[in-house]
Amino acid sequence: MIYDFDVEIDRRGTDAVKYEELPIKYGRSDLMPMWIADMDFAVPPCITEAIAARTAHPVLGYTHPSDAFWGAITGWLGRRHGWSVGRDQIDYVPGVKKGLALCVCHFTRPGDKVVIQPPVYHSFRSVVEGTGRHAVDNPLIAGADGEYRMDFDGLERIIAEQSPRMLILCNPHNPIGRQWDAPTLERLAATCRRAGMILLSDEIYGDMCLPGAPRHIPTATVSPDAAEITVTLGAPSKTFNIPGLASAWTVIPNAELRRGFFDFLLAGEFDTPPLYAQVATRAAYEGGAEWLDQALAYIAANARHVADRLERELPAARAVIPEAGFGMWIQLGECAGSHDAMIQRLIERGRIALSDGVSFGPGGEGFVRLNIGTARATLDRGLDRIIDALRQ
């Protein structure tokens, strides 16, 4: 089946965050929203059909996740990533961000230090600080070519001086769109294990490596060190555009680590997937692969289109095509002289809402993240606004 991602879908009037939170985040509601990380594409028909079929039954009572539900997740991980996960190693969590908070609360104590690697998903910092822990920045090192690498010397200094309990990894990395290679992950796991740290790996974009880019490497699979200390979080939410259904999972190979955490989840029923999370997750993983392959090809073409247009029409900008995901990390600060001036011109002149690079922490100055998970015509209108706002 051929899916049409050129269809423009009007999401106003559906309580979509991208519209409803504009006045809160940007001070006005008349902006074109290309910020929050959900896509504008219609979900795979297999999901809506499965939800409709289940809704046809008149009772929506308590439900128990079936073996088929768990098998759909582990089967997907095996087929898509070559990762053999036993049923005993996996459990449900009610969303990746909620999973981050649950992991931080269980595996660390108030006052503990937790390392993050900015520029990175802003919720890493807010979850750590909001639960009474301390986020310690070990910023990524940006090369002249726009490539980023981890600062292992900086990490060793932090370990020696501050004795952190955990490092939160973004793999693939949001917002830069980097899929970390196996040697980097092996070194990170070895460093963390020597220091007695938990390695919490957010892999929500793991299914979204773009055509031609490196394949996703689950952190826990790269070495015995990684398997011993890694707690992985993943989800079908970004992959199939269903974040509103609150479905995610955690995999922990180490039996001792998972025993305590899974008991913690069970105690508060955090491990109980809601009815439609079960239905949609199973449908997505069992029937959504073809849709996803086509969506990723479309997103990759969108990324090339953005890079080409900016090179032609706004040459002071620098856009690196991501390896994974539908967020494009773009340096625009040189187009406006300063970060604040850039953001002001995008809002006031361009009337467009992008994710402010500063929200991702140190290293985000001068950058924005553009959501390219949308129809090409929509994307072009957004680019028109960016270029008109910043072109001298």
Side chains of T55 and L60 in contact at under 4.5 Å (non-hydrogen atoms): no
Cationic N near anionic O, under 4.0 Å, D137 to R125: yes
Distance, nearest 0.5 Å, that separates CD of E269 from CG of D271: 7.5 Å
Pair R309 + D384, salt bridge at N-O below 4.0 Å: yes
Exam field: side chain H173 to backbone P119, donor-acceptor pair closer than 3.5 Å: yes
Check: W76 ring centroid to F69 ring centroid under 6.0 Å: no
Over 12 foreign heavy atoms within 6.0 Å of CZ, R87: yes
Derivation of the side-chain contact (heavy atoms from CB on, under 4.5 Å) call for T250 and V231: CA-CA 7 Å; T250 181; V231 176; 3.7 Å; yes
R149 (side chain) donor-acceptor with I141 (main chain) under 3.5 angstrom: no
Any donor-acceptor N/O pair, K18 side chain to M39 backbone, under 3.5 Å: no
Spacing of CG belonging to L167 relative to CE belonging to M150, to within rounding of 0.5 Å: 8.0 Å
pair F261-I252: side-chain heavy atoms closer than 4.5 Å: yes
Polar side chain donor-acceptor pair, S201 to T230, under 3.5 angstrom: no
Criterion side-chain contact (heavy atoms from CB on, under 4.5 Å) on L102 and F270, from CA distance to verdict: CA-CA 9 Å; L102 291 167; F270 296 115; 3.9 Å; yes
Residues E161, R157: salt bridge by 4.0 Å N-O rule: no
Parallel, tilted or perpendicular, as decided by the 30° and 60° cut-offs, for the rings of F5 and Y3: tilted
Derivation and outcome, side-chain contact (heavy atoms from CB on, under 4.5 Å), residues V96 and D202: CA-CA 7 Å; V96 166; D202 174 353; 3.7 Å; yes
Co-membership, hydrophobic cluster, residues I372 and L332, 4.5 Å side-chain: yes
Spacing of CG belonging to D6 relative to CZ belonging to F41, to within rounding of 0.5 Å: 9.0 Å
Any I299 side-chain heavy atom under 4.5 Å of M208 side chain: yes
SB check D38 K238 (cutoff 4.0 Å): no
Any donor-acceptor pair under 3.5 Å from R133 side chain to T131 backbone: yes
Donor-acceptor pair between T108 and R165 side chains, under 3.5 angstrom: no
R54 to Y276, cation-pi by 6.0 Å centre distance and 45° axis angle: no
pair C335-L314: side-chain heavy atoms closer than 4.5 Å: yes
W329 six-ring centre to R369 NZ/CZ under 6.0 Å and within 45° of normal: no
Under 3.5 Å donor-acceptor, E323 side chain and R178 backbone: no
Side-chain donor-acceptor pair present, T184, D181, cut-off under 3.5 Å: yes
Donor-acceptor pair, side chain of R79 and main chain of G75, under 3.5 angstrom: yes
Within 6.0 Å of CG in D67, more than 12 heavy atoms from elsewhere: no
Expected output: side-chain H339 to main-chain G366 donor-acceptor under 3.5 Å: yes
Side-chain touch Y285/F240, heavy atoms, less than 4.5 angstrom: yes
Within 45° cone of Y298 ring axis and under 6.0 Å: R376 NZ or CZ: yes
Short side-chain to backbone donor-acceptor contact, Y26 and L354, under 3.5 Å: yes
Note, S237 side chain near I204 side chain (heavy atom, < 4.5 Å): yes
Check: E228 main-chain N/O paired with N254 side-chain donor or acceptor under 3.5 Å: yes
Under 3.5 Å: donor-acceptor pair, side chain of D293, backbone of A295: no
Verdict with reasoning, L155 to D151, per side-chain contact (heavy atoms from CB on, under 4.5 Å): CA-CA 6 Å; L155 179 58; D151 183 358; over 6 Å; no
CD/E311: more than 12 non-hydrogen atoms of other groups inside 6.0 Å: no
Between SG on residue C209 and NE2 on residue H216, distance to nearest 0.5 Å: 7.0 Å
Contact check, side chains of M166 and D112, non-hydrogen atoms, under 4.5 Å: no
Separation between CD of Q179 and CD of E203, rounded to the nearest 0.5 Å: 8.0 Å
OG-NZ distance between S123 and K97, expressed to the nearest 0.5 angstrom: 3.0 Å
Pair T378-E8, side-chain donor/acceptor within less than 3.5 Å: yes
T219 and N171 side chains, donor-acceptor separation under 3.5 Å: yes
Trace of the salt bridge (charged side-chain N to carboxylate O under 4.0 Å, His left out) decision for D40 with R11: CA-CA 8 Å; D40 289 329; R11 297 179 58 191; 3.1 Å; yes
D356-W35 side chain donor-acceptor pair, cut-off 3.5 Å: no
I321 vs M328 side-chain heavy atoms within contact, under 4.5 Å: yes
